[in-house]
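Everything on this sheet refers to the single structure shown next.
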2 protein chains.
Amino acid sequence: MQRNKGPEKNKATSAADVARLAGVSRSAVSRTFTDGASVSAKTREKVLAAAAELNYHVNHLARSISKEQSRPVCLLAANLDKPYHNLLLDALTKQLQQDGRIVMVINASSEPSSAEEAMRRALHYRASASVVMSGTPPQELVQACVDSGQKVIMINCNDDIENVHHIQIDYADAMQQAVTLFQQAGCQALSLVSSTKGTPSLLAREQFFISAAQAKGFEVTIWRGDNTNYEDGQQAAQALLSDHQPNHAYFCITDLVACGFMDTARHEFNLSIPDDISILGFDDIPQSAWQAYQLTTFAQPYQGIANRVSDILGEQQEADLTSRLNAIPKQRNSLHKEKREKS
Amino acid sequence: MQRNKGPEKNKATSAADVARLAGVSRSAVSRTFTDGASVSAKTREKVLAAAAELNYHVNHLARSISKEQSRPVCLLAANLDKPYHNLLLDALTKQLQQDGRIVMVINASSEPSSAEEAMRRALHYRASASVVMSGTPPQELVQACVDSGQKVIMINCNDDIENVHHIQIDYADAMQQAVTLFQQAGCQALSLVSSTKGTPSLLAREQFFISAAQAKGFEVTIWRGDNTNYEDGQQAAQALLSDHQPNHAYFCITDLVACGFMDTARHEFNLSIPDDISILGFDDIPQSAWQAYQLTTFAQPYQGIANRVSDILGEQQEADLTSRLNAIPKQRNSLHKEKREKS
DNA sequence: CTGAAAGCGCTTACAG
DNA sequence: CTGAAAGCGCTTACAG
């Protein structure tokens, strides 16, 4: 319980302090705290005792400047007020931490310049890797990161910059299933509620949905809001539901959009779900499971993405630069139950 | 566009490389990148040119080992799947980043040992400060951080460890207002839906609510779930609403609880809100504003907290160790409108 | 196994 | 203003 035992007041003790107290060299204390380094049981013990007494902890930041493996990983996050991004951030931080990585989070809010700012920071911190959780930073900056020896991992973004790792979700399967679900629910006409943002993952879902629908002979009408938030779903419903037909169904490009859509359908148009209207979402945010929504949706493989990132960081030689994961369907109650008779 | 100009392939260029190319000393390049250091316009220019050519960026991590002010700040976060924590994390990361800080996020999931693990990491990284966003890490670890020169800032946690900064919300006012709102809505009996978790901020809200209610002559019955999530709200409603009286109102200790409560009230008990039942929440998570809830609630002063953290980090001499902020009332539609006639 | 030494990439008195 | 030098806290060949 004695505090301030170290030489100076309020200053962290260093390996040198420990070495002095233990009567060994600085190298010896460094080695005791390095996995697999060769130290005799005896000196190890002396060091450990001294370290405990002085409350010493290796300075990981200092270590990271001489040891490649322990350099930090930068997470370039955005939209931290949105459930999808939080779920991904949660999975990623947990996994990387478990791998013993230092993780720095860079919050690139939605301003155009800030992805750039964020990437520049990653460069400053000499991260061993940068994980771009969403958005598309300027190509030359990404290039600069790669050039300075960083691994860059982009999630759900199909820019093709040289030597960048990509983790992509295979939306083809999921969209196929979506259309099948609508079909089973007896729907006859489909609307796609999407946005003009046009990010790669949005576009992929759109395209696969449309072609899957057309392959099965469905008409698809498209409505686009500015963004993919709750409010956009409300607007969509406002625009689309005034001439709603009972056998019409709606695929909302994100769960947030779906929630807004459902609320407006219910509270403004007095429609009952799923009796009057069938809806499907995407992302499986926690709210979709709420009783008010019970939304059938597709989960992003959050843990799968985290595992893949972890694998990539561990690899010496880069194997395949792009990896694909599947979305996971979550059946709930937002689709009509009994087959409707043809109208 | 020429890559790999530096001495070695795929290795970040260092200040030495720049010095060599610019024909100046290492100190000179260091100085050009240090605010307020004295360099002539001429050498500064030479350095800048060389740096641009080599794509050089100061290694902030290396800098942080010799420069106290640029040491990182650790954010000890938890429950990253819950809106409240995300909103706080969002505000904090944005602010600290704007202050030019490196921020590391440590994800202390809900396991008991993991707050400890998290705090130990903060120690390893020699952060200049640790911000405990929730939970209460073991006292001796916090002490160790303080002893090694870190500032420790705890949010919404009234443990009293020596030399730890506290940011607390003044719940007294808000709870007073809550009771007044219920009164204005013509409610006559109140239930408090809380949890057995008993964290400091939960307890504070409970106590202030109860005493404010009693001061105005209300009876308060208390119901406690295991946690403060959506599901706990559902359970509470299940337990409490079977003998619901029209003039009975419910204060839910968090918005998440309130959402669950409302959904069950509506879908299981067929109650209409706010006609049949008045509800109040706390936190102002984005979902409370959704049309399905329209919950009147109290916002945590997210930005205020972030500002305070920023101030504390900037202070040389610690002024007051504990700062208090007010919660912000958000009026929406979950309270009964017309005064009810006495039953 | 161990210590003295050189190194990582930076900063900052110190002397000129 | 500037460079040579010492320092920050660590690691890791190298020689014994």
Side-chain angles (χ1 to χ4, degrees), chain A residues 6-8 10-20 22-47 51 54-72 102 123-128 148-149, chain B residues 6-8 10-47 51 54-72 102 123-128 148-150:
Chain A
E8 324 248 319
N10 254 10
K11 193 166 176 313
T13 50
S14 76
D17 299 326
V18 177
R20 210 168 301 128
V24 298
S25 71
R26 295 195 76 257
S27 327
V29 357
S30 193
R31 288 191 186 107
T32 9
F33 293 107
T34 304
D35 285 340
S38 60
V39 242
S40 66
K42 207 172 132 196
T43 62
R44 160 182 224 88
E45 211 166 291
K46 282 195 288 185
V47 170
L54 297 178
N55 207 331
Y56 169 74
H57 298 92
V58 176
N59 181 334
H60 283 213
L61 249 26
R63 167 178 281 181
S64 80
I65 103 174
S66 15
K67 215 176 177 176
E68 152 66 33
Q69 307 99 296
S70 56
R71 271 162 51 196
I102 303 182
L123 213 42
H124 281 322
Y125 301 161
R126 293 287 190 285
S128 69
S148 67
Chain B
E8 324 247 319
N10 253 11
K11 194 164 175 314
T13 51
S14 74
D17 299 326
V18 177
R20 210 168 300 130
L21 180 65
V24 299
S25 69
R26 295 196 73 255
S27 327
V29 359
S30 192
R31 286 191 187 104
T32 21
F33 294 106
T34 304
D35 284 342
S38 60
V39 241
S40 66
K42 205 171 134 198
T43 61
R44 157 180 225 90
E45 212 165 289
K46 282 194 287 184
V47 169
L54 297 178
N55 208 331
Y56 169 73
H57 298 93
V58 177
N59 181 334
H60 283 215
L61 249 25
R63 166 178 281 180
S64 80
I65 104 173
S66 17
K67 214 174 179 177
E68 152 66 34
Q69 308 98 294
S70 55
R71 271 161 52 195
I102 302 181
L123 214 41
H124 281 323
Y125 302 161
R126 292 288 189 282
S128 70
S148 67
Q150 266 186 36

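We name chains A, B, ... by the order of the sequence lines, and we start the count at 1 in each one. None of the values given here were measured: they were computed from a predicted structure.
- A:S128 is linked by a side chain to side chain donor-acceptor pair (under 3.5 Å) to A:R101, counting only residues two or more places apart in sequence or in another chain.
- Rounded to an integer number of Å, the gap from A:H60 NE2 to D:dT11 P is 9 Å.
- Straight-line distance from the NE2 atom of B:H124 to the C1' atom of D:dG9: 15 Å, rounded to whole Å.
- Comparing B:I65 and B:S25 along DNA chain D, the residue whose closest nucleotide (by nearest heavy atom) sits nearer the 5' end is B:S25.
- Among residues two or more places apart in sequence or in another chain, the salt bridge (charged side-chain N to carboxylate O under 4.0 Å, His left out) test is passed with A:R71 by A:E68.
- Between A:S66 and the phosphate of C:dC8, there is no side-chain N or O to OP1/OP2 separation shorter than 4.0 Å.
- Note: CZ (B:R44) to C1' (D:dG3) measures 18 Å, nearest angstrom.
- Using a 4.0 Å heavy-atom criterion, one finds that B:S30 contacts the bases of the nucleic acid, with or without backbone contacts as well.
- Rounding to whole angstrom units, OH of residue A:Y125 and C1' of C:dC10 are separated by 16 Å.
- In this structure, B:Y56 reaches the C:dC10 phosphate: one of its side-chain N or O atoms is under 4.0 Å from OP1 or OP2.
- Secondary-structure stems of DNA chain D, taken as three or more successive Watson-Crick or G-U wobble pairs (i with j, i+1 with j-1) under a 3.5 Å distance threshold, comprise C:1-3 with D:14-16, C:5-12 with D:5-12, C:14-16 with D:1-3.
- What separates CG of A:D17 from P of D:dC8 is a distance of 10 Å, to the nearest Å.
- The closest donor-acceptor contact from the side chain of B:T34 to the backbone of B:S30 lies under 3.5 Å.
- Note on A:S40: a side-chain N or O is less than 4.0 Å away from OP1 or OP2 of C:dT2.
- Taking side-chain N and O atoms only, A:T43 has a distance below 4.0 Å to OP1 or OP2 of C:dT2.
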Would you be so kind as to tabulate the donor-acceptor pairs closer than 3.5 Å made by side chains of residues 36-43 of chain B, with sequence neighbours excluded?
from, atom 1, to, atom 2, distance (Å)
B:S40, OG, B:T43, N, 3.2
B:S40, OG, B:T43, OG1, 3.3
B:T43, OG1, B:S40, O, 3.3

Between the protein and nucleotides 13-16 of chain D, list every N/O to N/O distance that falls short of 3.5 Å.
from, atom 1, to, atom 2, distance (Å)
D:dA13, N6, A:R31, NH2, 2.9

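- Counting to the nearest Å, the C1' atom of D:dG9 and the CG atom of B:N59 are 14 Å from each other.
- When side chains are defined from C-beta on, A:H57 counts as touching B:R126, because their heavy atoms get closer than 4.5 Å.
- Residues forming a side chain to side chain contact (heavy atoms under 4.5 Å, CB included) with A:S25 (at least two apart in sequence, or on another chain): A:S27, A:A28.
- Partners of B:H60 by ring pair (Phe, Tyr, Trp, His ring centres under 6.0 Å), not counting sequence neighbours, listed by chain and number: A:H124, A:Y125.
- Nearest-nucleotide mapping onto DNA chain D: of B:V39 and B:R126, the residue sitting toward the 5' end is B:V39.
- The separation between A:R20 atom CZ and D:dG9 atom C1' is 13 Å, rounded to whole Å.
- One interatomic measurement links the two molecules: CZ of A:R71 to C1' of D:dT11, which rounds to 15 Å at whole-angstrom precision.
- Counting only heavy atoms from C-beta outward, the side chains of B:N55 and B:T13 never approach each other to under 4.5 Å.
- Two residues, A:R26 and A:A41, neighbour DNA chain C, and the one matched to the more 5' nucleotide by heavy-atom proximity is A:A41.
- Two residues are said to be in side-chain contact when any heavy atoms from C-beta on lie closer than 4.5 Å; B:L123 and B:S148 meet this criterion.
- The shortest side-chain heavy-atom distance between B:F33 and B:D35 does not fall under the 4.5 Å cut-off.
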